[in-house]
S.K.: 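Let me begin by handing over the structure; questions about it come next.
Everything numeric here is computed off the predicted structure, so don't read it as measured data. Atoms within each ligand, like the ligands themselves, are counted from 1 in listed order.
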Amino acid sequence: MTTRIIGTGRCLPETVVTNDYLSTIMDTSDEWISSRTGIKERRIVKNETTASMSAEAARQAMEDAGVTAEEIDLIIVGTLTGDYITPSTACEVQAAIGAVNAMAFDVNAACTGFIVALNTAHLYIQAGIYRTALVIGAETLSKIMDWNDRSTCVLFGDGAGAAIVRSNEKGIMSFVQGADGAKGLSLACKDRANNNPLVQNPKDLNYTAMNGQEVYKFAVTKVPECIHQVLEDANLTTDDIKYFILHQANIRIINSVAKRLKVSEDKFPISLDHCGNVSAASVPILLDEVNKNGLLQKGDKIVISGFGGGLTWGADIIEW
Ligand code: UT7
């Protein structure tokens, strides 16, 4: 037995923030952002929270799957921007949707968060411990951006994507995941300052800082490598894959991965143009777009892959 995705959903904040708008509040331009990244606009929260977007994406995924809240045994949210340190976003979602029979917890693997959450659910399911799980990737990245740092804040957006997964004979065929903590500070956001009485001059809150070129180089080598690995583990080639659903950080990264895999860019659907980089939410949002656009038929094989903070990476092959 393995784990099948039986329903998907997504929720984006209402407010659209265009590159042109950003160029009115900081020294940037649509030309710079579009040509370097492919991003045209992103959604940013006003009243939405990580949990409220997660719960809405979950409701849509449950409807798509035809599953009730009571049937869910496990909720895992991949996020680095929960609303609270505790309770977890997953516990907030459990309460919001009434999944009274579910265990719930978050995982933080940054932009690989949805992949790691999915694989964790898969292993519980494969072990026979749970049958049905709700897996979410959700972020409110706008709250951890330095809005005076044009080199990072223009790249990211907010949103949530969800999938209902269930024990089945078809589904996840192989997965790989990995981490390189030694390179972690190339994409980092420090936690709150410790102001206990023993600490002198606690430092202020920090925001996200990234060595873009370092992360870029990591992504364009590690992603093709881990995709080759999952293909090999599943005894498949790139020809067997209908779509490569990658974390949406930069169109140049995606095109470079396509080139290194010798696969047409047409097989790489894109949401970064209208969502920006939504970290753990990128993959499930794009997966839902592809699913709801009717692009997936039963039996199709897809690759999903995430990469980023940690540094972390991962990929799965999934039979639809
Ligand atoms: O999800 C996590 C994974 N993250 C990623 O995968 C990100 C990977 N990295 C990247 O996508 C790219 O490195 C960036 C898009 C972040 C940056 O592109 P780049 O081609 O590496 O640009 P750069 O950092 O080398 O900056 C080039 C120039 C600099 O000016 P000078 O020093 O050449 O005069 C920057 O100051 O662009 C300037 N710049 C900007 N100009 C206008 C930086 N940000 C902006 C901006 N608008 N927003």
S.K.: Applying side chain to side chain donor-acceptor pair (under 3.5 Å) to Glu139 and Thr81, what does each step give before you reach the verdict?
M.R.: CA-CA 5 Å; Glu139 303 288 7; Thr81 49; 2.5 Å; yes

S.K.: Quick one about His274 and Glu289 (side-chain donor to acceptor, distance below 3.5 Å, no hydrogens or angles considered), yes or no?
M.R.: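 A donor-acceptor contact under 3.5 Å links the two side chains.
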
S.K.: In the complex you have, is atom 43 (C) of ligand 1 within reach of the protein, judged by whether a heavy-atom distance drops under 4.0 Å?
M.R.: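 Yes, because at least one protein heavy atom sits under 4.0 Å from atom 43 (C) of ligand 1.
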
S.K.: Quick one: does Gly212 get an N or O within less than 3.5 Å of an N or O on ligand 1?
M.R.: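 So ligand 1 has an N or O lying under 3.5 Å from an N or O of Gly212.
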
S.K.: Looking only at protein heavy atoms, identify the closest one to atom 39 (N) of ligand 1 and say how far it is in Å.
M.R.: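 Nearest neighbour among protein heavy atoms for atom 39 (N) of ligand 1, to 0.1 Å: Trp32 CZ2, 3.4 Å.
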
S.K.: Using distance alone, with no hydrogens and no angle criterion, decide if Thr8 and Asp288 have a side-chain donor and acceptor under 3.5 Å apart.
M.R.: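 Judged by distance alone, the side chains do pair up.
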
S.K.: Between Asp149 and Ser151, does any side-chain donor sit less than 3.5 Å from a side-chain acceptor?
M.R.: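 A donor-acceptor contact under 3.5 Å links the two side chains.
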
S.K.: Given the protein's heavy atoms, is any one of them under 4.0 Å from atom 31 (P) of ligand 1?
M.R.: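 So far as the 4.0 Å threshold goes, atom 31 (P) of ligand 1 is out of reach of every protein heavy atom.
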
S.K.: What protein heavy atom sits nearest atom 18 (O) of ligand 1, and how far away is it?
M.R.: Arg252 NH2, 3.6 Å

S.K.: Please report the shortest heavy-atom distance between Arg59 and Ala96, naming the atom on each side.
M.R.: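 The pair with the smallest heavy-atom distance is NH2-O, 3.7 Å.
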
S.K.: Looking only at heavy atoms, is any part of Ala249 under 4.0 Å from ligand 1, and if so is it the side chain, the backbone, or both, or is it neither?
M.R.: side chain

S.K.: Answer yes or no: does an N/O atom from Thr37 fall short of 3.5 Å to an N/O atom of ligand 1?
M.R.: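 No - when backbone and side-chain N and O of Thr37 are compared with those of ligand 1, no distance drops under 3.5 Å.
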
S.K.: For Leu155, counting its heavy atoms only, list the atoms of ligand 1 lying under 4.0 Å from any of them.
M.R.: 16 (C)

S.K.: In the protein, which heavy atom is nearest to atom 6 (O) of ligand 1, and how far is it?
M.R.: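 Among all protein heavy atoms, the one nearest atom 6 (O) of ligand 1 is Ile253 CD1, 3.2 Å.
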
S.K.: Evaluate the 4.0 Å heavy atom contact test for atom 1 (O) of ligand 1: does a protein atom fall under the cut-off?
M.R.: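 Answer yes: something from the protein, a heavy atom, is under 4.0 Å.
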
S.K.: Pull out every atom of ligand 1 sitting under 4.0 Å from any heavy atom of Val154, numbered as shown with elements.
M.R.: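 Under 4.0 Å from Val154, ligand 1 has these atoms: 48 (N).
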
S.K.: How does Thr28 reach ligand 1, if at all, at less than 4.0 Å between non-hydrogen atoms: by side chain, backbone, both, or neither?
M.R.: both

S.K.: Should Thr152 be listed as contacting ligand 1, given a heavy-atom distance under 4.0 Å as the test?
M.R.: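 Checking ligand 1 against Thr152, which is what was asked, there is no heavy-atom contact under 4.0 Å.
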
S.K.: Verify the distance criterion only: is there a donor paired with an acceptor across the side chains of Arg42 and Asn19 at less than 3.5 Å?
M.R.: yes

S.K.: Among side-chain atoms of Thr132 and Arg166, is any donor-acceptor pair under 3.5 angstrom?
M.R.: yes

S.K.: Determine, using heavy atoms of Cys111 and all atoms of ligand 1, whether some pair is separated by less than 4.0 Å.
M.R.: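 Heavy atoms of Cys111 do come under 4.0 Å of ligand 1.
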
S.K.: With heavy-atom distances below 4.5 Å as the criterion, would you say the side chains of Ile302 and Leu287 are in contact?
M.R.: yes

S.K.: Strictly by modelled atom types, are Asn119 and Gln177 linked by a side-chain donor-acceptor pair under 3.5 Å?
M.R.: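 Their side chains do contain a donor-acceptor pair, which is all the 3.5 Å distance test asks for.
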
S.K.: Using a strict 4.0 Å cut-off to heavy atoms of Gln213, name the atoms of ligand 1 that fall inside it.
M.R.: 13 (O), 21 (O), 23 (P), 25 (O)

S.K.: Under 4.0 Å from a heavy atom of Asn277: which atoms of ligand 1 are those, numbered in the order shown and with their elements?
M.R.: 1 (O), 2 (C)

S.K.: Around atom 7 (C) of ligand 1, find the nearest protein heavy atom and jot down its residue, atom name and distance.
M.R.: Met210 CE, 3.7 Å

S.K.: Please list the nearest protein heavy atom to atom 4 (N) of ligand 1 with its residue and the distance rounded to 0.1 Å.
M.R.: Val215 CG1, 3.5 Å

S.K.: Determine whether any heavy atom of Met26 lies closer than 4.0 Å to an atom of ligand 1.
M.R.: no

S.K.: Ignoring hydrogens and geometry beyond distance, is a side-chain donor-acceptor pair present between Gln60 and Glu56 at under 3.5 Å?
M.R.: yes

S.K.: Provide, to 0.1 Å, the distance between atom 35 (C) of ligand 1 and the closest protein heavy atom, together with that atom's residue and name.
M.R.: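 Here the nearest protein heavy atom works out to Arg150 NH2, 4.0 Å.
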
S.K.: Measure the CZ-CZ distance between Arg36 and Arg252 for me, rounded to the nearest 0.5 Å.
M.R.: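 Separation between the atoms: 6.5 Å.
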
S.K.: Give the residue and atom name of whichever protein heavy atom lies nearest to atom 20 (O) of ligand 1, and the separation in Å to one decimal.
M.R.: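 Here the closest protein heavy atom is Arg36 NH1, 2.8 Å.
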
S.K.: Test your reading of the model: is there a side-chain donor-acceptor pair from Asn101 to the backbone of Glu70, 3.5 Å cut-off?
M.R.: yes

S.K.: Which of the numbered atoms in ligand 1 are under 4.0 angstrom from any heavy atom belonging to Leu187?
M.R.: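 This gives 2 (C) as the contact atoms.
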
S.K.: Any idea which protein heavy atom is nearest atom 11 (O) of ligand 1, and the distance to it?
M.R.: Asn250 ND2, 2.7 Å

S.K.: Using heavy atoms and a threshold below 4.0 Å, how should the contact between Tyr216 and ligand 1 be classified: side chain, backbone, both, or neither?
M.R.: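 It is both parts that get close, each with some atom under 4.0 Å.
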
S.K.: Counting N and O atoms only, with roles assigned by atom type, does the side chain of Asp300 sit under 3.5 Å from a partner on the main chain of Gln297, one being a donor and the other an acceptor?
M.R.: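 Such a contact is found between Asp300 side chain and Gln297 backbone.
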
S.K.: Could you walk me through whether Ser142 and Asp158 pass the side chain to side chain donor-acceptor pair (under 3.5 Å) test, one step at a time?
M.R.: CA-CA 7 Å; Ser142 58; Asp158 301 330; 2.7 Å; yes

S.K.: Do Ser29 and ligand 1 have an N or O pair less than 3.5 Å apart?
M.R.: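 No; the residue has no nitrogen or oxygen that sits under 3.5 Å from a nitrogen or oxygen of the ligand.
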
S.K.: Has Lys183 got more than 12 heavy atoms of other residues, nucleotides or ligands less than 6.0 Å from its NZ?
M.R.: no

